Amino acid sequence: MRSSTKPSYAREVFDTREILANLTMRETRGQYRRTALGQLWSVLNPLATMLVYTVVFAFILKALPPPGDPSGLEIYALWLMSGMLPWLFFVRVVTGGLSSIVTNASLITKVYFPRIHLPLSVTLATGITWAIELGVLTLALLLFGGSPLPWLPLVVLAMVFLALFATGLALLLGVANVYFRDTEHFVAIVLPMWMFLTPVIYPIQLVEDLAQRSGEWIIVLYRLNPMERFLAVFRDLLYDNRLPQWTDSLACVLASLIVFSVGYLVFVRKESRLAELL
Amino acid sequence: MSETALTIDDVSKKFRLYHERNQTLKAAVMRGRRVVAEEFWALRNITFEVKTGETFGLIGANGSGKSSLLKILARILVPDGGRVHATGRVSSMLEVGSGFHPELTGRENIFLNGAILGLKKRQIVALFDEIVEFSGVENFLDQPVKNYSSGMYVRLGFAIAIHTSPDILIVDEILAVGDGSFQEKSKAKFRELTRQGSTVVMVSHSLPQVREMCDRVAWIDAGRLRGVGTAARVTRDYEKDWERGEQA
């Protein structure tokens, strides 16, 4: 029983994919039950965020990004959402996935199934929400003169890698959270900080200016953040309508493959002990 | 009848008892590398076999380790020593309805729970009417299960679990579920399962029930195997031991 090797675990996960589909359904349907607006909330939430940041950053602080090249778009709200939607996806997958093990303790201690389905179902359910949001954003971009449609396949591909990156982190932190429940509180503090260290709501030009004045190392350090690379890719595709820089794309692919592999290996190693630790 | 469904080979299980709830980072840092956990062997060198098609009971006092053993058989816990070999698909009912989502309807939960217990969607579709009929909740199928009475809740959970027809079914105190007529129906369903070649392993505190339902029984006492044999003989030994304990 204990000698189950890794390929056979992946196989078991695949064989029980029906569980994943049902857990995903549970996530998406259960979330907005008994709300008048239902799934609409998943669009309203980012819209409200967009309003707040647009007022603060476009009108009060005037931290405006350069116009889209070659799209010619010059609308802060659309620029913001091109980066904010992937960021929100990342945050939801990490926080939801990391707590999914502890939240489903009653299930884990009562039935055997590959536990990885729990964080994976969070990723898939969040992916569905993201797809709806992306649909709305695409419409808005079209309305204001952008041409995001030919780039959508690449957007989806970038999303797959972002999903791997976020899920890998969720797997790692989900296991850590079983040992130390501090993890989820800690992550709740770190994620907003991470957001402000990533050019989600302000353009990276501000940091580049700062680096020119105070030292190159600032931007070098700043760009070590994989999320900065991911947002650059998403904005190139959606807002500017151009191919991302290959260095950014490579950084995204490497970061996601490394983080997911580490998360997966740690999870598989610790999985069989989760029931007694909960 | 003589084939082996489950081989429990020298199984041991160790738990770590912490003297404080130290699942915080602070506690871990303060503790440094010192280990303040005390080891406790819940099970020691358990070996027996369960034959295909039999109903096998596990008996023992509270805290004897029989539930840990059951969880090892259900693959929820991993043994620290020895191994368990199962022939066929194992399904467990340690608590019925534990996978229910309260906001989802009875219908949606049948599909959710069926999948968790290892059924494919088309199998659930095929069994759907039978499950609903057995549980007797047809009028409430499209209500969220949180509105169910506790009886309806467990009956639906039980109905799903029993209809998954696994090769080996692991059951914990499950027959305490529902009213008298539902219990009779459940027992009949168990007999039908074993007639079809499934194996049932159950924990029960009710000795009359064990004698009525089980072919063979294992008696676990303080983590060790005290006896394996026919239900009549082992339950009698267990009762004698218990009476001796009373007198002493």
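So you know, we letter chains A, B, ... as the sequences are listed, proteins then strands, and number each from 1. Treat the numbers as computed from the prediction; the structure is a model and nothing was measured.
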Closest approach of B:A115 to A:E18 (non-hydrogen atoms, all atoms of both residues)
CB-O, 3.9 Å
Check A:A275 against B:L77 and note the closest heavy-atom contact, atom names and distance.
CB-CD2, 4.2 Å
Could you grab the distance from atom CD of A:E276 to atom CG of B:D80, nearest 0.5 Å is fine?
6.5 Å
Quick one: which residues of residues 102-119 of chain A reach chain B at under 4.5 angstrom, heavy atoms only?
A:S106, A:L107, A:I108, A:T109, A:K110, A:V111, A:Y112, A:F113, A:R115
Taking a cut-off of under 4.5 angstrom between non-hydrogen atoms, the residues of residues 19-28 of chain A near chain B are A:I19, A:N22, A:L23, A:M25, A:R26
Which atoms of B:T105 approach chain A - backbone, side chain, both or neither, heavy atom under 4.5 Å:
both
Can we say A:E271 and B:R75 salt-bridge, meaning some charged N sits less than 4.0 Å from an Asp/Glu carboxylate O?
no
Neighbour count >12 (heavy atoms, 6.0 Å) for atom CZ, A:F186
no
Chain A shares the most heavy-atom pairs under 4.5 Å, among B:L117, B:L112, B:N113, with B:L112
Listed pairs under 3.5 Å, donor-acceptor, residues 118-127 of chain B side chains, sequence neighbours left out:
from, atom 1, to, atom 2, distance (Å)
B:K120, NZ, A:D15, O, 3.4
B:Q123, OE1, B:K120, N, 2.7

Within residues 59-71 of chain B or reaching into it, pairs that qualify as salt bridge (Lys or Arg N to Asp or Glu O under 4.0 Å) - sequence neighbours excluded
none
Give, as side chain, backbone, both or neither, the part of A:T16 having an atom under 4.5 angstrom from any heavy atom of chain B.
neither
